[in-house]
Amino acid sequence: MTFLKLKRPENFLLGFVFILFYMYRLHEHFSSIYMIQYYLYDYSYGFIKRGLIGTIMNYVPIKINERFVITFNKLLLISLLFILCKILDKINFKDKIIDYLIISCFFLCPALAKNLWFDLKFDILGIIYCGLLIITSIKFGKILLLFSPVLLFIHEGFLFMCIPSLISIAMLRQIITLKKDWIFITLLLITYLAIIILIKNYGSIYISDYDDYLFYIKGKIDSSIRNDDIIFEKNLITGNQIQDIRKSISYNFSHTIFWPLGIGILFSIYIFLNNISQLYEINLSKYFYNILFPIIFNFLMFFLGWDTLRWFSNMSLYMFLIFMTIFLVNEHKTSAKIDLLNNKIYFLFFLLIAYLPFNYLGVMNP
């Protein structure tokens, strides 16, 4: 299949060197305390938010244990690397050094790869979905948009994390346009809103049923893991949204040490990608709203969930994908030869080196 072929396989090999280190670190740092719960919630006691993955798992003859979760996330990370390499193939930078710098940035920057393997949550699924939208055809891109509401059944936070970037990427690639596809866009937005209302009103377990439901999902855990080793977030399935918002605001805005770090690294990624755009004389002012639109919606997660650095990481990842799309739609410029002795090239190397003290090859821990 031509889809599985890479024009520049050396890009994949470079990225795989980084992934090998991640895979090694996974076995040292994986904790079943929080992560396995996300694979257990299902619809057996009625509709519940984030229950789609667990429901699918009920029909798969696989034991839910640490080994499965680690292996599954390894496959997702390798898939994302492949998609990144396909994106670079489509952009077709004339000078391969730019490919190498972008791949290195993705794995060295502490904000970009952090949540994709260390937390083992489902953020990576949204990133992969956006990546597929970048590399697919216009026709299949519309199909991806059509099925994008399903993401909200995996995590309702995708409404602010992933969906705005999907729309921005689709606009950039002209998969959809406001003039021609306004009916499609309107129906899509109505569907998003309807699902969120459904989740808000019916996506929780009654507190009186909580103990029975907890006993049921604990029965799904492989015997190699003790139930006492797993922490289940009661608010996640009983749905005390007001209490969650209060905790999120209190946590995210009281830990002020995270903000200069998160903003600084987010800005550094923008500077990194902006320098590449300047090398190829791409006018970013034309794409100001395409870049800003997803960032604004991602910022709302600081009020809805209490993972400060996780939200900075997601903002960084989606901005990264938006820039990749901008490079793609300017393929006629990126295929030009540039001066490799340009000071901007040296600055890109400097930024990669500057990232090293802040991470273990991508892990920015609070």
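Residues: numbered from 1 along the sequence shown.
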Exercise for review: For residues 342-355, pull every pair meeting salt bridge (charged side-chain N to carboxylate O under 4.0 Å, His left out), keeping only residues two or more places apart or in separate chains.
Suggested key: none
Exercise for review: Might you work through the ring-ring contact (aromatic ring centres under 6.0 Å, His included) test for Y280 and F327, ending with a clear yes or no?
Suggested key: CA-CA 9 Å; Y280 293 97; F327 296 151; 7.6 Å; no
Would you indicate whether [X], at its atom [atom1], is surrounded by more than 12 heavy atoms from other residues, nucleotides or ligands within a distance under 6.0 Å?
{"X": "F47", "atom1": "CZ", "answer": "yes"}
{"X": "Y202", "atom1": "OH", "answer": "no"}
{"X": "Q174", "atom1": "CD", "answer": "no"}
{"X": "I257", "atom1": "CD1", "answer": "no"}
{"X": "F267", "atom1": "CZ", "answer": "no"}

Practice item. Kindly state whether the ring of F293 and the ring of Y289 have centres lying under 6.0 angstrom apart. Key: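 No; Y289 has its ring centre 6.0 Å or more from that of F293.
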Point to revise | F122 and Y39 aromatic centres sub-6.0 Å | key: yes
Exercise for review: Pick out which of F299, F302, Y318 makes a ring pair (Phe, Tyr, Trp, His ring centres under 6.0 Å) with F312.
Suggested key: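 One option only clears the test, and that one is F302.
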Point to revise | K220-N58 side chain donor-acceptor pair, cut-off 3.5 Å | key: yes
Heavy atoms only: give me the nearest [X]-[Y] pair and the separation to one decimal.
{"X": "A111", "Y": "I265", "result": "CB-CG2, 3.5 Å"}
{"X": "P294", "Y": "P164", "result": "CA-CB, 3.9 Å"}
{"X": "I176", "Y": "M171", "result": "O-SD, 3.6 Å"}
{"X": "I195", "Y": "P149", "result": "CD1-CB, 3.5 Å"}

Check your understanding: So do the side chains of M301 and N314 get within less than 4.5 Å of each other, counting heavy atoms only?
Key ->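 The answer is no; the side chains never approach within 4.5 Å.
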Review point. Once the angle between the rings of Y41 and Y38 is folded into 0 to 90°, is it parallel (under 30°), tilted (30 to 60°) or perpendicular (over 60°)?
Key: perpendicular
Check your understanding: Mind checking whether I154 and L75 sit in one hydrophobic cluster, side chains of I, L, V, M, F, W, Y counted as touching below 4.5 Å?
Key -> no
